[in-house]
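In each ligand, atom 1 is the first atom listed, and ligand 1 is the first ligand listed.
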Amino acid sequence: MTGLTGTADVLIAGAGIVGAACAWELAKAHLRVAVVDQSFPASGATGAAMGHIVVMDDSEAQFALTRYSQTLWDELRDDLPANVEFDRCGTIWVATDEAELAEVRRKSAYYCERAVPTEILDSAALQNAEPSLLAPLAGGLLVPGDSVVYPAAAAAYFLERAAALGAKLHLGKRITKLGQGTTRLEDGTTLEAGKLINASGQLAAKLTPGIQVKPRKGHLVITDRYPGTVHHQLVELGYLKSAHSVATDSVAFNVQPRKTSQLLIGSSRQYGVEHDKVEPVILSRMLQRAFEYIPKLRALSAIRVWTGFRPATPDKLPLIGPCLEDPTLYLATGHEGLGITTSLATAKLMAAQILNSAPKIPMEPYLPSRQMVADVHA
Ligand SMILES: Cc1cc2nc3c(=O)[nH]c(=O)nc-3n(C[C@H](O)[C@H](O)[C@H](O)COP(=O)(O)OP(=O)(O)OC[C@H]3O[C@@H](n4cnc5c(N)ncnc54)[C@H](O)[C@@H]3O)c2cc1C
């Protein structure tokens, strides 16, 4: 490998789960890695996320990345410390009517063709699997291979492993300029590195102007401990409409059982809101949606409500790879609502590009150059 110079071979801007996973992967390859964050690890979207490790089928490229990454999480599972709370609880996509049941059948066929196990649940089987759900509902699709982790602990673990291999962490240091092998910090310090990775999440466009990554706000609620209320991650099939809606604020039923017996209740999606305050109107809509599916949630105590910003791209795929104008600069951002799931695959693809080795899945769909091509044609 050539072109790595300076105080580090690779400097990563951002200690969220994406930067942390890249740091570990590159440190495993014996590179000198530095990670810089303006705050503390997982202080961005990672610390605000649900931690659903989920295979998705919006596009072939999304499927390939989520499936690959889920496999990597599964391979890691026995090594993860207990505080990462890895739980193979599976997902149930809940259908309320015949149209959503048709979507259950389509999704099942798609996954089946690609060797992802699923089980179609009729109304009675759904009720049996999740007695707290409103009854009767039309049915659902169980995807037993999906899981749940505690994202902040996972990011901390990846960084700990990277540090054990020699990676240096620079926390509480805001980067003001990133490019041409140089990182300038707010305190005036300059750090040199052969390669730079912009993994600064929803703030990535501030460090690399011109890329299309926008913040997409989300709210979450966590309850007190209620063992046995819900057994799988439960998501309404309408969630897909919410995730796709770009024009309006949207909410969807999305409830996750934690290993602590708490329930995480989501989710909302908003563009164009920059403040991180909890918004009562959105929160109330989100909870109403959850109550429609699980009426007994009304009686539970919530202990915390918060917001976070997903790093969203226009085509719903992350940016993983080199920046055309600057041979030292790479992007690892734009993972929207799937960055916890896809962090490990992102790190593998990033390492393959930096080390010039063969990736396990084609990396073309995620290359940042596609945005530049789109710009030319816009
Ligand atoms: C409500 C919500 C629920 C979610 N649920 C899920 C889920 O269930 N499953 C899933 O897969 N994904 C989920 N996500 C998405 C996931 O959280 C993100 O895709 C992922 O965390 C992005 O990680 P990241 O490392 O790119 O960004 P971040 O975690 O935001 O990390 C970026 C880091 O860069 C640092 N930084 C930024 N600018 C600078 C600078 N100038 N100088 C130095 N440091 C800087 C920040 O401090 C931050 O620590 C959810 C997100 C939200 C908001």
Asker: Should A48 be listed as contacting ligand 1, given a heavy-atom distance under 4.0 Å as the test?
Answerer: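 Checking ligand 1 against A48, which is what was asked, there is a heavy-atom contact under 4.0 Å.
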Asker: Is R310 in polar range of ligand 1, meaning some N or O pair under 3.5 Å apart?
Answerer: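 By distance alone, the answer is no.
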Asker: Distance under 4.0 Å to a non-hydrogen atom of T341: what atoms of ligand 1 satisfy this?
Answerer: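 Answer, ordered by atom number: 10 (C), 11 (O).
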Asker: Can you find a heavy atom in the side chain of R258 that is under 4.5 Å from one in the side chain of L263?
Answerer: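 Counting from C-beta outward, R258 and L263 never come under 4.5 Å.
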Asker: List every atom of ligand 1 that sits less than 4.0 Å from any heavy atom of G14, numbering the atoms from 1 in the order shown and giving each element.
Answerer: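 Result: 33 (C), 34 (O), 35 (C).
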Asker: Relative to the heavy atoms of G44, which atoms of ligand 1 are at a distance of less than 4.0 Å?
Answerer: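 Numbered from 1, ligand 1 contributes 29 (O), 30 (O), 49 (O).
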Asker: Drop me the distance from E292's CD to L297's CG, to the nearest 0.5 angstrom.
Answerer: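 These two atoms lie 11.5 Å from each other.
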Asker: Select one of side chain, backbone, both or neither to describe which atoms of K173 lie under 4.0 Å from any atom of ligand 1, heavy atoms only.
Answerer: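 K173 to ligand 1: backbone contact only, side chain stays beyond 4.0 Å.
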Asker: Would you check if the side chain of Q371 reaches a backbone N or O of Q212 as a donor-acceptor pair within less than 3.5 Å?
Answerer: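 Yes; at least one donor-acceptor contact below 3.5 Å.
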Asker: Can you find a non-hydrogen atom of A13 under 4.0 Å from ligand 1?
Answerer: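 No; A13 lies far enough from ligand 1 that no heavy-atom distance drops under 4.0 Å.
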Asker: Does G308, backbone or side chain, put an N or O under 3.5 Å from an N or O of ligand 1?
Answerer: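 Checking ligand 1 against G308, no N or O pair falls under 3.5 Å apart.
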Asker: Would the distance check show the side chain of E25 and the main-chain N or O of A21 forming a donor-acceptor pair, the cut-off being under 3.5 Å?
Answerer: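 No; zero donor-acceptor contacts below 3.5 Å.
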Asker: Taking only heavy atoms of T46, which atoms of ligand 1 are found under 4.0 Å from at least one of them?
Answerer: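 In order of numbering, the contacting atoms are 21 (O), 23 (O), 25 (O), 28 (P), 29 (O).
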Asker: So which bit of L203 gets within less than 4.0 Å of ligand 1, heavy atoms only: side chain, backbone, both or neither?
Answerer: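 Answer for L203: side chain.
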Asker: Check Q233, Q256, H52 against T91 for a side chain to side chain donor-acceptor pair (under 3.5 Å) and give me the one that passes.
Answerer: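 Single pass found, and it is H52.
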Asker: With respect to L207, determine whether any N or O atom, backbone or side chain, lies less than 3.5 Å from an N or O atom of ligand 1.
Answerer: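 Checking ligand 1 against L207, no N or O pair falls under 3.5 Å apart.
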Asker: Looking at R32 and D9, does any basic side-chain N land under 4.0 Å from a carboxylate oxygen?
Answerer: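 Looking at D9 together with R32, the answer is yes, because their closest N to O distance falls below 4.0 Å.
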Asker: Between V18 and ligand 1, does any nitrogen or oxygen pair lie at a separation below 3.5 Å?
Answerer: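 Yes; the residue has a nitrogen or oxygen that sits under 3.5 Å from a nitrogen or oxygen of the ligand.
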Asker: Which of the listed options, G337, A152, G218, holds the heavy atom that is closest to atom 10 (C) of ligand 1?
Answerer: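 Minimum heavy-atom distance to atom 10 (C) of ligand 1 goes to G337.
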Asker: Membership question, hydrophobic clusters at under 4.5 Å side-chain separation (ILVMFWY): are M350 and L344 in the same one?
Answerer: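 L344 and M350: one cluster.
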Asker: Applying a 4.0 Å heavy-atom criterion (strictly less than), which segment of L220 is in contact with ligand 1: side chain, backbone, both, or neither?
Answerer: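 L220 to ligand 1: side-chain contact only, backbone stays beyond 4.0 Å.
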Asker: Under a 3.5 Å distance rule, please check whether R184 uses its side chain to pair with a backbone N or O of T189 as donor and acceptor.
Answerer: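 Not at all, since once roles are kept as given, no pair shorter than 3.5 Å links the two residues.
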Asker: Just by distance, do the side chain of Y271 and the backbone of K214 share a donor-acceptor pair under 3.5 Å?
Answerer: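 No, because the side chain of Y271 does not come within donor-acceptor range (under 3.5 Å) of the backbone of K214.
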Asker: Is there a heavy atom in S267 that sits closer than 4.0 Å to ligand 1?
Answerer: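 Distance cut 4.0 Å: S267 fails for ligand 1.
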Asker: Distance under 4.0 Å to a non-hydrogen atom of H52: what atoms of ligand 1 satisfy this?
Answerer: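 Checking each atom against H52, I get 7 (C), 8 (O), 9 (N), 10 (C), 11 (O).
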Asker: So which of L72, D146, I53 actually passes side chain to side chain contact (heavy atoms under 4.5 Å, CB included) with T341?
Answerer: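 By the side chain to side chain contact (heavy atoms under 4.5 Å, CB included) criterion, T341 pairs with just one of L72, D146, I53: I53.
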Asker: Below 4.0 angstrom, N of the basic side chain to O of the carboxylate: do K316 and E336 qualify?
Answerer: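 Salt bridge absent between K316 and E336.
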Asker: Counting N and O atoms only, with roles assigned by atom type, does the side chain of T313 sit under 3.5 Å from a partner on the main chain of V213, one being a donor and the other an acceptor?
Answerer: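 Not a single qualifying donor-acceptor pair exists.
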Asker: Does an N or O from E336, backbone or side chain, lie closer than 3.5 Å to an N or O of ligand 1?
Answerer: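 By distance alone, the answer is yes.
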Asker: Is there a heavy atom in Q202 that sits closer than 4.0 Å to ligand 1?
Answerer: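 Per 4.0 Å heavy-atom rule, Q202 does not contact ligand 1.
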Asker: Taking non-hydrogen atoms only, is A199 closer than 4.0 angstrom to ligand 1 via side chain, backbone, both or neither?
Answerer: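 Backbone only.
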Asker: Heavy-atom distances under 4.0 Å are what count here, so tell me which part of K217 touches ligand 1: side chain, backbone, both or neither.
Answerer: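 For K217, there is no contact with ligand 1 at all, from either part.
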